[in-house]
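What you see below is based on every heavy atom in this structure, not just the backbone, and it leaves out hydrogens, waters and symmetry mates.
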Amino acid sequence: MPPIFPMTMMDFFRKSEGTWFTQRSVHHFDLSADQSGESNLIVQVVEREDPRVSTICQQQGIDPALAMGGASFMWQENQDNREPDPDRAAVLVDVPDDTSLLSGKLIRDRGYIERMPVISRYWFGKDGILTIDTEYDNNQGQERCWFLTDDFRVRVSTVRTMDGVYLMTYCSERRCVSEATLEQMIQRNLARAAAQ
């Protein structure tokens, strides 16, 4: 069965909830150190009643009543068994443009490129691809993300400066199976094998 593509930001956050194994390829145009590698991305939905939503809206001068909710994003090195570092986390809040919910603002307590509060613009294409544009003080970023299956998605991004494209990133992300789900799968397979 083909995946159902999310067409609103909150649906996108809900479909993204969980832990993702990310394989990242980075191409720097200024010959900086290679940042390609593997990491884990942990996504948690933040409901509109969460106090972080109103705090982030107020920091940016936006009425919290316009927010639909948001999501928390945390990163950690792959196979790092420690708790994720909150300094490597960001909370994004969804403020749609209108009732279609196909476009709007993403308000972040910190940006990916410049570690400061920032407002991004987003929209969903008819093909289900999410595009996010962000203007920083010194850079512009664009990220596009889409699901190939319910448990596999792709992200591509560029960072531009006044001198042109600074870097490009390609990420493939596979949802990690929780210990509880893995145990359920094992038990189902054992039961199936025993019934034969």
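Between R144 and D133 there is no salt bridge, since none of the side-chain N atoms of the basic residue sits less than 4.0 Å from a carboxylate O of the acidic one. A salt bridge between D151 and R174 is absent, with no side-chain N of the basic residue lying under 4.0 Å from a carboxylate O of the acidic one.
Residues M9 and F124 approach most closely at N-CE1, 3.4 Å, considering heavy atoms. For V43 against A71, the heavy-atom pair with the smallest separation is CG1-CB, 4.3 Å. Looking at every heavy atom in both residues, D150 comes nearest to R175 through O-NH2, 2.9 Å. Here the shortest heavy-atom pairing between D127 and F5 reads O-CD1, 4.4 Å.
Side-chain contact between R52 and V93: absent, with no pair of heavy atoms (C-beta onward) separated by less than 4.5 Å. The side-chain heavy atoms of V154 and Y170, taken from C-beta on, include a pair separated by under 4.5 Å. No side-chain heavy atom of T22 sits less than 4.5 Å from a side-chain heavy atom of N40. Contact annotation: the side chain of M168 never approaches that of V26 to less than 4.5 Å [non-hydrogen atoms, C-beta and beyond]. Residues E135 and I119 fail the side-chain proximity criterion, which asks for heavy atoms closer than 4.5 Å. A 4.5 Å side-chain heavy-atom check between I107 and V95 finds at least one atom pair inside the cut-off.
Atoms SG and CD1, from C145 and I129 in turn, are 9.5 Å apart once rounded to the nearest 0.5 Å. Atom CG of L167 is separated from atom OG1 of T158 by 8.0 Å, given to the nearest 0.5 angstrom. Rounding to the nearest 0.5 Å places CD of Q23 at 10.0 Å from SG of C171. A distance of 6.0 Å separates OG in S120 from OH in Y136, rounded to the nearest 0.5 Å. Between atom CH2 of residue W20 and atom SG of residue C176 there is a gap of 9.0 Å, rounded to the nearest 0.5 Å. Interatomic distance, CG of L41 versus CZ of F21, reported as 12.0 Å (0.5 Å rounding).
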Apply side-chain hydrogen bond (donor to acceptor under 3.5 Å, both in side chains) to the pair S103 and D97, showing each step before the final yes or no. CA-CA 6 Å; S103 64; D97 286 335; 2.7 Å; yes
Using the rule given for salt bridge (charged side-chain N to carboxylate O under 4.0 Å, His left out), can you reason through E47 versus R14, listing the C-alpha separation, both sets of side-chain angles and the distance that settles it, and then say yes or no? CA-CA 10 Å; E47 298 299 340; R14 287 189 176 93; 3.2 Å; yes
Between E143 and R155, is a salt bridge (charged side-chain N to carboxylate O under 4.0 Å, His left out) present by the stated rule, with each step listed? CA-CA 7 Å; E143 179 172 286; R155 285 189 298 126; 3.3 Å; yes
Could you walk me through whether W123 and L130 satisfy the side-chain contact (heavy atoms from CB on, under 4.5 Å) test, starting with their C-alpha distance in whole Å, then the side-chain angles of each, then the deciding distance to 0.1 Å, before giving a yes or no? CA-CA 6 Å; W123 66 93; L130 167 64; over 6 Å; no
Is there a side-chain contact (heavy atoms from CB on, under 4.5 Å) between Q142 and I132? Walk through the geometry before answering. CA-CA 6 Å; Q142 183 177 81; I132 303 170; over 6 Å; no
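For F12, the ring pair (Phe, Tyr, Trp, His ring centres under 6.0 Å) test picks out F147, with sequence neighbours left out.
Cluster membership check: W75 does not share its hydrophobic cluster with V156, using side-chain heavy-atom separations under 4.5 Å among Ile, Leu, Val, Met, Phe, Trp and Tyr.
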Review item, side-chain donor-acceptor pairs of residues 183-191, under 3.5 Å, at least two apart:
from	atom 1	to	atom 2	distance (Å)
E183	OE2	Q187	NE2	2.7
N189	OD1	R192	NH2	2.7
N189	ND2	M185	O	3.4

Check: residues 55-70 side-chain donor-acceptor pairs under 3.5 Å, at least two apart:
from	atom 1	to	atom 2	distance (Å)
T55	OG1	P51	O	3.0
D63	OD1	A65	N	3.0

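Note that R153 lies outside the cation-pi zone of W146, set by a 6.0 Å cut-off to the ring centre and a 45° limit from the axis.
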